[in-house]
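Just so you know, these numbers come straight off a predicted model, no measurement behind them.
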Amino acid sequence: MATTSDPQHFMRTSGETDAVWIHTEPYSNRVKFPKLTQDLETDVCIVGSGISGVSIAFELVTRGLNVVMIEAREILSGETGRTSGHLANDLDDGYTEIAKKHGDKGAKLAAESHTWALNRVGEISKQLGIECEYRHLPGYDISQYPISAKEHVDDMKQVIEDGQKAKELGIQTTYKEGFAIKGWNGSVDQRDAVIFHNQATFHPTKYVNGIFKWLKDQQNFSCYTNTRMIEAEEKGTEIFGMGHKDVFVRTEAGHTIKCRDAVEATCVPLQKLSIIAEEEYYRTYCIAIRVPKGSVEDCLLYDSTEIYKHVRLTACDENDDYLVVGGGDHKVGQGDTIKPLKELESWTRDRFPQAGNVDYKWSGQVFEPVDFMAFIGKNQGKKHTYIVTGDSGNGLTHGVIAGKLIADEITETPNPWSSLYDPKRLTSIVKSLPSLVSHDLQINAQYKRLTQTDITDIEDLVPGDGGVLNPTTSKPIAAYKDENGKVHKFSALCPHMKGVVCWNSLEKSWDCPVHGSRFSKDGVQVIGPASENLAPADEDGKAMQAQAVNVQ
């Protein structure tokens, strides 16, 4: 498993581990941009440099708008570089359930928009000459149960029903009884499949980096890395179409970007609640395991488990491909971060006995909206501030959709998909109230950590490990002991809503179980909704009222 003890590693990616994508596209290949050192004025400021941010930038720049992008760390340091690289209109939640929340009309818009997005990646990569392993291939939905299990038949009925619903909405699907993919030679027999035709896959960081190479040469685009936003504030008067508000994006270093419109393409908005409470936050896991070239069919594969397995291939070397297998989801800060990787490897070897070494193991984050559709558009209560959040396990296509939706809205171009993704939508949210209330109760229960401690003595930590010390006489302390035995201490209170963070032993990070904010082992914010770093602690273990140390 590729890991590093370099404190700067979190400036390149949001975990201690590395995803398989660096195998053929190392961090050193990524486009470099300077840090912002002055105030600026532009048409649109985009915060975040993943697939959402770069897709929005591409669509706006090609329409002639002036765009400034800022990124708190290096480009592609967020979740885009930690996905499994599926491009699908075979959506995680299934069209049967989507239709219950959004009606058949909404479900059809979902199918149309994700179909457009998976093809749009192919169009752009061809247009810009980006070699990113883009290709169309079939997707297979299978039962989670072997054919010998009594549950198999009923489970397949649901899989078939979802495939039929997708077909009614315009997606080409076929049911094949007794179908099994080439290379599934293990003792576990889960044959029977619904085939989703014309799916796609690619190398996500090669694609995004390729667009950045093109954007860098455009006169109406500029990007600044190591430039952290701390606030986006609208100022001015705009009533009934009269007057105008500007957005002022302020950075940690004290600079201001004045713009007509701002976009938070940051996985989740850096704000207190509102949209934040309408999402659930999950860690998800992947392995890249070697298989001999040609021994496994090039396809996308999904089983029917709620925490489903997903499979695809990517390039390795002249002898092997990598089988990328994902799953094992659990709520952020609320599960074992090592066990899912072992389960993924066991699951894979039981089905693909030709599999060799596991070269990469990593995790990422999923933002699950209560009604299954991403929130893309104007933020609630705002006129010129846009957000992209709620990937729902389909963040790559949602990010590409965001490019068109937000560019259309900024340029006042009608788009039939806008109501489905509108952050201000109510009907589907109201239909989701039971799960929203359940989620809220579960989240509030996480404040129990205010009275709990992970460790009783910091000296008990082994090098490379961390834990929360919660003395009864002071505030909880997040303590990390590095490989040299030096202890680093921070306030364990997440600056977002004061949840007590948990140590992630896989990624060597501090994860908040309340709303999913994450921080590096050195306290640097890597995922919101928190917009600040963890505060340092003094030698007595009491939280100091100061900004967290910056390791840049």
Given the rule in the side-chain hydrogen bond (donor to acceptor under 3.5 Å, both in side chains) test, do Y224 and T251 qualify, once you have shown the distances and angles that lead to the verdict? CA-CA 11 Å; Y224 300 91; T251 72; over 6 Å; no

CA sep, side-chain torsions, deciding dist, call: H330, Y285, side-chain contact (heavy atoms from CB on, under 4.5 Å): CA-CA 9 Å; H330 62 76; Y285 297 81; 2.6 Å; yes

What do the steps show when you test W503 against W510 for side-chain contact (heavy atoms from CB on, under 4.5 Å), and what is the final call? CA-CA 5 Å; W503 177 249; W510 300 104; 3.6 Å; yes

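Using a 4.0 Å cut-off between a side-chain N of Lys or Arg and a carboxylate O of Asp or Glu, D511 and R518 qualify as a salt bridge. A salt bridge is absent between D93 and K101; no separation between the charged side-chain nitrogens and carboxylate oxygens falls under 4.0 Å. Using a 4.0 Å cut-off between charged side-chain N and carboxylate O, E234 and K382 make no salt bridge. Using a cut-off of 4.0 Å between Lys/Arg side-chain N and Asp/Glu carboxylate O, E131 and K206 are scored as not salt-bridged.
When atom types are taken as modelled, the side chain of H136 and the backbone of A200 share no donor-acceptor pair closer than 3.5 angstrom. T225 places a side-chain N or O within 3.5 Å of a backbone atom of F33 that can act as its donor or acceptor partner. The backbone N or O of Y386 sits nowhere less than 3.5 Å from a side-chain atom of E409 that would complete a donor-acceptor pair.
Taking every heavy atom of both residues into account, C494 and C512 meet most closely at CB-SG, 3.8 Å. Across all non-hydrogen atoms, the minimal contact from V249 to A262 is CG2-CB, 4.1 Å. When all heavy atoms are compared, the tightest approach of P476 to L493 is CG-CD2, 3.9 Å.
Note on ring orientation: taking the six-membered ring where Trp is involved, the planes of F221 and F212 are tilted (angle from 30° to 60°).
In this structure, the side chains of W214 and I130 stay at 4.5 Å or more apart for every pair of heavy atoms. Looking at D18 and Y27, their side chains come closer than 4.5 Å, going by heavy atoms from C-beta outward. Using a 4.5 Å heavy-atom cutoff, the side chains of Y281 and I276 are in contact. Between Y134 and K126 the shortest side-chain heavy-atom distance does not fall below 4.5 Å. Here the side chains of R260 and H384 are not in contact, with every heavy-atom distance at 4.5 Å or above.
Checked against R449 for a side chain to side chain contact (heavy atoms under 4.5 Å, CB included), the options V514, V501, V500 give a single hit: V500. Screening V67, V68, T42 for a side chain to side chain contact (heavy atoms under 4.5 Å, CB included) with S222, the sole residue that qualifies is V68.
Residues T385 and N379 have side chains that never bring a donor and an acceptor to within less than 3.5 angstrom of each other.
Within 6.0 Å of NZ in K216 there are more than 12 heavy atoms belonging to other residues, nucleotides or ligands.
Considering only residues two or more places apart in sequence or on other chains, E79 meets the side-chain hydrogen bond (donor to acceptor under 3.5 Å, both in side chains) condition with S14.
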